[in-house]
Amino acid sequence: MKYIDVVIDNKSEHTDMLYTYGCSEDEIQVGQKVCVPFGKGNRIREAYVFRVVDEPEREYPNLKFAESLDPDICLTEEMIRTCIWMKRRYLCKYIDAVKCFVPAGSKSKRGKKRNPYKDAEGEQKPEPELTAEQEAVLRPIRQAIQKGSHRRFLVYGVTGSGKTEVYMRAAQQCVLSGKQAIMLVPEISLTTQVIERFIGRFGAEKIAVLHSRLSLGERHDEWMRIKNGEVKIVIGARSAVFAPLKKIGLIILDEEHEATYKSDMTPKYDTVEVALKRLQSHKGVLICGSATPAVSTYYRSEHGIFERLELTKRYNQTELPEVAIVDMRSELKAGNKTMISRALYRQMTEAFEKKKQVILFLNRRGYSTFISCRECGMALRCPDCGISLTYHKEENRAVCHYCGHNEPLPSVCPQCGSAYIRHFGAGTEKVEEAVMEMFPQARAERLDLDVTKRKGSIDRILNRFKKGTIDILIGTQLVAKGLDFRNVALVGIISADVTLNIPDFRSPERTFQLITQAAGRAGRGEEKGRVIIQSYTPENYAVRLAAEQDYKEFYEAEIKLRSYMGYPPYSDLIQMVFSSKEEAQAKGAAEGWFEKIQQALPEAQREYLFRPQAAPMKKIKEIYRYSMMLKCPHGMRQAYTAVLERIKEAEKARKKNYTVTIDINPYSFI
DNA sequence: AGCACGCCGACT
DNA sequence: GTCGGCGTGCTC
């Protein structure tokens, strides 16, 4: 007879705690899925064992007994420890964390197992010889994996420097050492080449692929294959970090800087953090790889938290493309009011004459519009936060989405006095139209998230582009990621200013990354490629240094700014969103929390909490939203989240007419 | 979240 | 006298 503490699979905040049951099964283990009677009606509910003890901590007058255990689903102690850690770190419920580890689907009815990649042949290529640089990078990685020491590496390697080969060799070492590896990629549908290479090298039977396009049954089967130890390497998007492997020797995050590694659903976890937590238990190795590391990651590699390894040479010795910036202010002065500069037009014409292909980037304007001067390029920014102000139509004002600072819309540019100051963003959609008009004979295709939603259409469009049945690919960031097209001679970035003016402290970082990645798409064949960046602020450091392909210089400039403004990595940002059907309730909840947090903070730290403000898209599906931001300076994060945890706990006792969602270091602010 | 208990109003 | 309305409070 054992006593077990379980977490009930139940959506309520109120039951988010451990319940003690009796269990006659002496073999019961932490992580086991069980069925227990719960509540007054003793309805049978699913639950997960978090603790097993011989004697209960106190008397339970009406102790109940667990009824049965699920033979298939059993998490390890390490996974349960990670769940407990996640609850505290992301302020989610136990069950939310548990759900990350268990497969969503149930056992497939037909006992037949399906491996979606069973028939994939893989890219059959002999193992290439490693370059001296790759050898040097692999040496410490292999050593760490072999010795089973928990170490963290940043592999900073320029595009085309052979990072994937390094990953594969590291994974090979991991398998040789009797451990398993997880290979994470930002977006599975754009990573078929990587999967093919892994399958070609290791064989389909040793690899599991996890992603959202799998059916529930397929996902369950893959999960079981992994759990039963049939699989050596798991490839997948961020959720694959939860793969039920027994001995994790290695976790790789490819394109480490990508936003998709931060979950925007509950629990709002950060993949690197979860990976590190798991690897601590497994004494495993973390590899973060990127050609444009996140500023916070590079900072860690400067301060001994990550060991930095560099790949500086392009694998096949192809030259970096020639990058030119076009000053859109002078285009306007010269009377060109279209979104295509004369230089870009010329280059496109030339490319088509040579039967080459063109990629145009048009960044989605997203949810906000910034205000800038078309004559001098200046964009309105918050005097306190340094981020772009957003145009609010209703009040005709410019508003800061971090602190709420707002000012009336100027009628003339405060810098140069021009009357050509207006809100920007709209109009980028017209690029496709403009291009069609300028090049009616060219076959253009658009690739963005709307198109992507239709299953399989990414691959279809990309295949057509590869075959050459499309001349111009017009796309968003999607197209920038790791695609390898030989025949692309020219990449045009329609407006670098759009990403630059997204109201987020990371906008320079993202601009730099986008331009660099986009540039990497040009000239992958024998001929040198060309890149044209159009901007109203060509002197901006992010635009200029991206054109020069100078990451380190950019990092130095950016980290100074972060330090000065107190943004990550010098702080953590916490966003709270309060939503309700009634506007007054959402507002009231936000203000109530504001007061409570203020009271909990020492007076000198109250400036770190910004006043709540209505979300720009105030009403989504009849729900009103208010948001508020808390900046946690160095080392204060735990103390601050503990304050929020206490308030959340206290609010739970009352009946609430609102919901609060807390996002630690969100990727976008609303 | 559910589910039961509970204490008031319209019905057989 | 009883059926059922949903307000309240607890779930090992």
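Each chain gets a letter, A, B and so on, in the order its sequence line appears, and its residues count up from 1. The structure presented is a predicted model; accordingly, all values stated were derived computationally and were not measured.
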> Parallel, tilted or perpendicular: which describes the rings of A:Tyr608 and A:Tyr640, with under 30° parallel and over 60° perpendicular?
tilted

> Between the protein and nucleotides 5-10 of chain C, are there any N/O to N/O pairs under 3.5 Å, and if so, what are the atom names and distances?
none

> With distance as the sole criterion, is a donor-acceptor pair present between the side chains of A:Glu256 and A:Thr297 under 3.5 Å?
yes

> Could you tell me how far apart A:Glu59 (CD) and C:dC12 (P) are, to the nearest whole angstrom?
16 Å

> Quickly work out the A:Tyr60 OH to C:dT11 C1' distance and round it to whole Å.
13 Å

> Would you call A:Leu644 and A:Ile574 a side-chain contact if the rule is heavy atoms closer than 4.5 Å?
yes

> Would one find more than 12 heavy atoms of other residues, nucleotides or ligands at under 6.0 Å from atom NZ of A:Lys596?
yes

> Rounded to whole angstroms, how far apart are CG on A:Asn42 and C1' on C:dT11?
10 Å

> Go through residues 15-25 of chain A and report each residue with a non-hydrogen atom lying under 4.0 Å from DNA chain C, sorted by number.
A:Thr15, A:Tyr19, A:Thr20, A:Tyr21

> So if I apply the side chain to side chain contact (heavy atoms under 4.5 Å, CB included) rule between A:Val577 and each of A:Pro666, A:Pro612, A:Ser627, which one comes out positive?
A:Ser627

> Go through B:dA1, C:dC12, B:dC3 for me and flag the one nearest to the A:Leu63 side chain.
C:dC12

> To the nearest Å, how far apart are A:Ile44 CD1 and B:dA1 P?
22 Å

> Within the supplied structure, the quantity of interest is the number of heavy atoms (other residues, nucleotides, ligands) at a distance under 6.0 Å from A:Lys247 NZ; does it exceed 12?
no

> Classify the nucleic acid contact of A:Asp5 as base, sugar-phosphate or nothing, counting any heavy atom under 4.0 Å across all strands shown.
nothing

> If I take atom CD in residue A:Glu46 and atom C1' in nucleotide B:dA1, what distance separates them, rounded to the nearest angstrom?
15 Å

> Distance-only, no hydrogens or angles: does the A:Lys227 side chain make a donor-acceptor pair with backbone N or O of A:Trp223 under 3.5 Å?
no

> Using whole Å, what does the distance between atom P of nucleotide C:dC12 and atom CG of A:Asn10 come to?
11 Å

> Could you tell me which residues satisfy salt bridge (Lys or Arg N to Asp or Glu O under 4.0 Å) with A:Arg510, sequence neighbours excluded, listed by chain and number?
none

> A:Pro103 and A:His220: which non-hydrogen atoms are nearest, and at how many Å?
CG-CD2, 3.8 Å

> How many whole angstroms separate atom CD1 of A:Ile95 from atom P of B:dA1?
15 Å

> In whole angstroms, how far is the C1' atom of C:dT11 from the CG atom of A:Asp9?
15 Å

